[in-house]
Amino acid sequence: DAMVIQNPRYQVTQFGKPVTLSCSQTLNHNVMYWYQQKSSQAPKLLFHYYDKDFNNEADTPDNFQSRRPNTSFCFLDIRSPGLGDAAMYLCATSRVGGGATELFFGEGSRLTVL
Amino acid sequence: AQRVTQPEKLLSVFKGAPVELKCNYSYSGSPELFWYVQYSRQRLQLLLRHISRESIKGFTADLNKGETSFHLKKPFAQEEDSAMYYCALVGGSNYKLTFGKGTLLTVNP
């Protein structure tokens with residue numbers, strides 16, 4: 001009964017070869033987030049969608065893009081992965097409005113760049 | 001800018017001992033504070049939030065605005081409490097969650 005599902009769980013790519021990570025949700029939440037988490041570091045917000053509105057963090061590299069074709073799905077595209085992009089990528093959702101904001105996380109996609 | 005500091009990267013206690021995981025924050029307005037937990041091989045999940053003023057799995061956390069702290073406490077630690085704990089903040093009408101670096105709690109038998 002997983003509510004936020006990320007695929008693939010593990011992704012290996014070559015330096016410079018584009019990668020797409022996917023996230024789907026069954027919660028009908030209006031906000032979807034992508035976080036990057038490197039070893040021993042805090043999850044770092046890359047961007048989020050509030051409904052169809054895309055919000056990029058100021059320090060997110062241009063190499064990272066995102067798409068949200070509908071409420072349920074959100075994709076993270078890494079156009080030309082570098083060695084420094086190897087990390088765990090976490091998708092999360094929330095329903096904004098009416099009380100405290102709780103985020104629901106997927107299990108993450110671990111990206112390895114060779 | 002909003003910031004969360006967890007000064008302890010690792011914390012090790014024995015079963016039955018009290019445990020306190022420290023969290024300090026920086027935010028000029030009125031934040032929402034949370035504790036998230038990640039057990040081994042599981043997803044990140046909400047443990048508790050300051051607004052609810054609740055106790056979850058024996059854990060409590062009190063928001064101290066004067067000290068800008070939100071420390072997580074449990075009087076008697078259990079082995080199953082071993083996990084990574086993240087303090088997190090949402091500032092005002094901003095619904096983006098900012099995490100601390102996390103504290104890895106190990107409860108020894």
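If you're wondering where the values come from, they're calculated on a predicted model, not measured in any experiment.
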*Asks:* I need the residue from His48(A), Glu57(A), Gln41(A) with the largest number of non-hydrogen atom pairs under 4.5 Å to chain B.
*Replies:* His48(A)
*Asks:* Donor-acceptor pair, Arg43(B) side chain versus Leu90(A) backbone, under 3.5 Å?
*Replies:*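 No; judged by distance alone, with no hydrogens or angles, the pair does not exist.
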*Asks:* Indicate yes or no: does Glu107(A) engage Arg41(B) in a salt bridge with an N to O separation below 4.0 Å.
*Replies:*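 No.
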*Asks:* Under the side-chain contact (heavy atoms from CB on, under 4.5 Å) criterion, do Phe99(B) and Leu45(A) qualify, and how do the steps go?
*Replies:* CA-CA 9 Å; Phe99(B) 287 93; Leu45(A) 183 64; over 6 Å; no
*Asks:* Quick one: what part of Phe104(A) sits under 4.5 Å from any heavy atom of chain B, side chain, backbone, both or neither?
*Replies:*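 Contact with chain B: none, neither part.
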*Asks:* Test your reading of the model: is there a side-chain donor-acceptor pair from Tyr36(B) to the backbone of Leu103(A), 3.5 Å cut-off?
*Replies:*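 At least one qualifying donor-acceptor pair exists.
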*Asks:* Using every non-hydrogen atom in the two residues, find where Gly100(B) and Pro43(A) come nearest and quote the distance to one decimal.
*Replies:*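 Of all heavy-atom pairs spanning Gly100(B) and Pro43(A), the closest is O-CD, 4.4 Å.
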*Asks:* Distance from Phe47(A) atom CZ to Lys96(B) atom NZ, nearest 0.5 Å?
*Replies:*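 Rounded to the nearest 0.5 Å, the CZ-NZ separation comes to 13.0 Å.
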*Asks:* Decide if atom CZ of Arg67(A) counts as having more than 12 heavy atoms of other residues, nucleotides or ligands within a radius under 6.0 Å.
*Replies:* yes
*Asks:* Tell me if the CD atom of Glu80(B) is crowded by more than 12 foreign heavy atoms within 6.0 Å.
*Replies:* yes
*Asks:* More than 12 non-hydrogen atoms from neighbouring residues, nucleotides or ligands closer than 6.0 Å to NZ on Lys44(A), yes or no?
*Replies:* yes
*Asks:* Is there a chain of hydrophobic side chains (I, L, V, M, F, W, Y, each step under 4.5 Å between heavy atoms) that links Phe70(B) to Val19(B)?
*Replies:* yes
*Asks:* Does Arg68(A) have more than 12 heavy atoms from other residues, nucleotides or ligands lying within 6.0 Å of its CZ?
*Replies:* yes
*Asks:* Is it the case that over 12 heavy atoms from other parts of the model lie below 6.0 angstrom from the CZ atom of Phe54(A)?
*Replies:*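 Yes, because the 6.0 Å sphere around CZ of Phe54(A) holds more than 12 heavy atoms from other groups.
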*Asks:* Counting only heavy atoms not in Asp59(A) (residues, nucleotides, ligands), do more than 12 fall under 6.0 Å from its CG?
*Replies:*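 Count over threshold, so yes.
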*Asks:* Relative to chain B, which of Gly106(A), Ala42(A), Ala92(A) shows the most heavy atom pairs under 4.5 Å?
*Replies:*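 Winner by heavy-atom pair count: Ala42(A).
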